[in-house]
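See below for the structure under consideration.
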Amino acid sequence: MSDQKSITVTRTIDASAKDIFDVLSLPDRHVQLDGAGFVRSVDHGDRITGTGQTFTMNMSGEHMGGDYQTDNHVTGYEEGKLLAWQTAPAGTEPKGWQWVWELVPQGPGTTEVRHTYDWSNVTDPELLKKLSFPLVSEEQMEESLNRLAAAVAS
C-alpha cells in the first residue's frame with residue numbers, strides 16, 4: 001500500500017487566469033468539470049468570493065452507497081490565483097481532505113493550472129476503514145483539467 005496522501009496534476013491552458021477562475025469559482029460549473037463523474041448538481045452555492053463560504057453539492061458514487069450530498073467549506077481564496085475547499089458529508093464538519101486549484105499566469109492568455117487532491121489530514125480510523133483513499137484517480141483529475149480547458153475555450 002502506498003504512503004501517498006495527495007495527487008497533483010498540472011496543465012497549461014490557453015486562457016487567462018481570470019477566465020479560468022470565473023469558471024472554477026461558480027459551483028454550478030463543477031458538474032461540467034468533474035472528471036470522476038461524482039458531481040450531479042449544485043444544491044446550494046453562490047459564486048465563491050472568499051474563505052468561510054460553504055457550497056453544497058448533490059453527488060453519487062458507489063463508495064457512499066449511491067446518492068449523497070457534500071458540504072464544501074472554502075478554506076483558500078485569492079482571486080484569480082487560488083481556490084481551495086475541504087469536503088464533508090452534508091451536515092458534518094470536514095473530515096480532512098481538500099481540493100486545491102492554483103492558477104499561475106504564463107503570459108497573456110495562458111495559465112498554468114495546478115489541481116491538488118489532498119487527504120493527508122484524514123485521521124478518523126472509522127472513516128479510513130469505510131473509504132479507500134484516493135477516491136479520485138490521477139487520470140480522473142487530469143480529465144477535470146481537460147474539461148476545464150474545454151469550458152474556458154467555449
Side-chain angles (χ1 to χ4, degrees), residues 4-11 13 15 17-104 111-152:
Q4 179 180 356
K5 298 207 179 208
S6 70
I7 298 170
T8 299
V9 294
T10 304
R11 176 176 173 168
I13 295 177
K18 179 193 180 307
D19 290 346
I20 294 169
F21 196 82
D22 283 347
V23 170
L24 293 174
S25 63
L26 192 60
D28 281 328
R29 302 292 299 268
H30 290 196
V31 68
Q32 176 186 9
L33 303 177
D34 177 24
F38 295 145
V39 179
R40 297 295 184 234
S41 63
V42 64
D43 183 75
H44 169 75
D46 298 324
R47 180 173 296 280
I48 300 166
T49 58
T51 59
Q53 288 179 266
T54 300
F55 60 96
T56 302
M57 305 302 286
N58 297 311
M59 313 282 287
S60 186
E62 292 302 314
H63 62 282
M64 293 293 284
D67 294 342
Y68 63 102
Q69 285 188 321
T70 60
D71 289 337
N72 301 280
H73 302 257
V74 180
T75 57
Y77 180 92
E78 188 174 347
E79 190 166 341
K81 295 181 181 181
L82 172 72
L83 193 55
W85 59 85
Q86 292 183 2
T87 299
T92 69
E93 290 301 310
K95 305 298 185 204
W97 67 91
Q98 73 173 349
W99 300 94
V100 181
W101 292 90
E102 298 169 278
L103 309 178
V104 181
T111 305
E112 180 183 277
V113 180
R114 188 175 309 122
H115 183 32
T116 300
Y117 169 39
D118 182 338
W119 61 96
S120 61
N121 291 319
V122 176
T123 58
D124 180 338
E126 292 304 311
L127 181 64
L128 289 168
K129 280 184 204 173
K130 180 179 178 182
L131 299 177
S132 178
F133 287 92
L135 298 174
V136 176
S137 70
E138 183 173 345
E139 293 76 20
Q140 291 168 321
M141 291 181 62
E142 288 186 10
E143 178 59 20
S144 290
L145 290 176
N146 292 339
R147 290 171 176 227
L148 177 60
V152 294

**Asked** So, Gln53 side chain and Arg47 main chain: donor-acceptor pair closer than 3.5 Å or not?
**Response**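 Looks like yes, one N/O pair under 3.5 Å.
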**Message:** Donor-acceptor check, side chain of Ser41 to backbone of Asn58, threshold 3.5 angstrom: yes or no?
**Reply:**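 Side chain of Ser41 to backbone of Asn58, a donor-acceptor pair under 3.5 Å: no, none is there.
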**Prompt:** With Ala36, which residues qualify under side-chain contact (heavy atoms from CB on, under 4.5 Å), at least two apart?
**Reply:**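 Scan of Ala36 (side-chain contact (heavy atoms from CB on, under 4.5 Å), adjacent residues dropped) gives Asp34, Phe38, Val136, Gln140.
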**Request:** Not counting sequence neighbours, which residues clear side-chain contact (heavy atoms from CB on, under 4.5 Å) with Asn121? List them please.
**Result:**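 Asn121 satisfies side-chain contact (heavy atoms from CB on, under 4.5 Å) with no residue once adjacent residues are dropped.
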Exercise: identify the closest heavy-atom pair between [X] and [Y]:
X      : Y      : value
Glu143 : Gly35  : CG-CA, 3.8 Å
Ala17  : Gly80  : CB-O, 3.5 Å
Ala15  : Val152 : CB-CG2, 3.6 Å
Leu24  : Leu83  : O-CD2, 3.4 Å
Ala151 : Val23  : CB-CG1, 4.4 Å
Ser60  : Asp67  : OG-OD1, 2.9 Å

Does any part of the side chain of [Y], heavy atoms only, come nearer than 4.5 Å to the side chain of [X], both counted from C-beta?
X      : Y      : answer
Pro134 : Gln4   : no
Thr49  : Ser25  : no
Ile7   : Phe133 : no
Asn146 : Arg11  : yes

**Request:** Please identify each residue that fulfils ring pair (Phe, Tyr, Trp, His ring centres under 6.0 Å) with Phe55, with sequence neighbours left out.
**Result:**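 Testing Phe55 for ring pair (Phe, Tyr, Trp, His ring centres under 6.0 Å), a comparison that skips the adjacent residues, returns His30, Trp85.
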**Message:** Going by ring pair (Phe, Tyr, Trp, His ring centres under 6.0 Å), name the residues that satisfy it together with Phe21, two or more places apart in sequence or in a different chain.
**Reply:**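 Testing Phe21 for ring pair (Phe, Tyr, Trp, His ring centres under 6.0 Å), a comparison that skips the adjacent residues, returns Tyr77.
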Quick check for you: to the nearest 0.5 Å, what is the distance between [X] atom [atom1] and [Y] atom [atom2]?
X      : Y      : atom1 : atom2 : result
Arg29  : Arg147 : CZ    : CZ    : 12.5 Å
Thr87  : Asn72  : OG1   : CG    : 4.0 Å
Tyr117 : Ser144 : OH    : OG    : 12.0 Å
Leu33  : Leu148 : CG    : CG    : 5.5 Å
Trp99  : Thr116 : CH2   : OG1   : 10.0 Å
Thr54  : Gln86  : OG1   : CD    : 10.5 Å

**Request:** Scan Asp71, Thr70, Asp43 and name whichever one has a side chain to side chain donor-acceptor pair (under 3.5 Å) with Thr56.
**Result:**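 Only one of Asp71, Thr70, Asp43 forms a side chain to side chain donor-acceptor pair (under 3.5 Å) with Thr56, namely Asp71.
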**Prompt:** In chain order, what residues pass the salt bridge (Lys or Arg N to Asp or Glu O under 4.0 Å) check against Asp22, with sequence neighbours excluded?
**Reply:**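 Testing Asp22 for salt bridge (Lys or Arg N to Asp or Glu O under 4.0 Å), a comparison that skips the adjacent residues, returns Lys18.
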**Message:** List the residues meeting salt bridge (Lys or Arg N to Asp or Glu O under 4.0 Å) with Glu112, not counting sequence neighbours, and say none if there are none.
**Reply:**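 Glu112 satisfies salt bridge (Lys or Arg N to Asp or Glu O under 4.0 Å) with Arg114 only.
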**Message:** More than 12 heavy atoms of other residues, nucleotides or ligands under 6.0 Å from NZ of Lys81: yes or no?
**Reply:**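 Count not over threshold, so no.
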**Request:** Output, in order, the C-alpha distance, side-chain angles, deciding distance and verdict of side chain to side chain contact (heavy atoms under 4.5 Å, CB included) for Val100 and Asp118.
**Result:** CA-CA 8 Å; Val100 181; Asp118 182 338; 5.9 Å; no
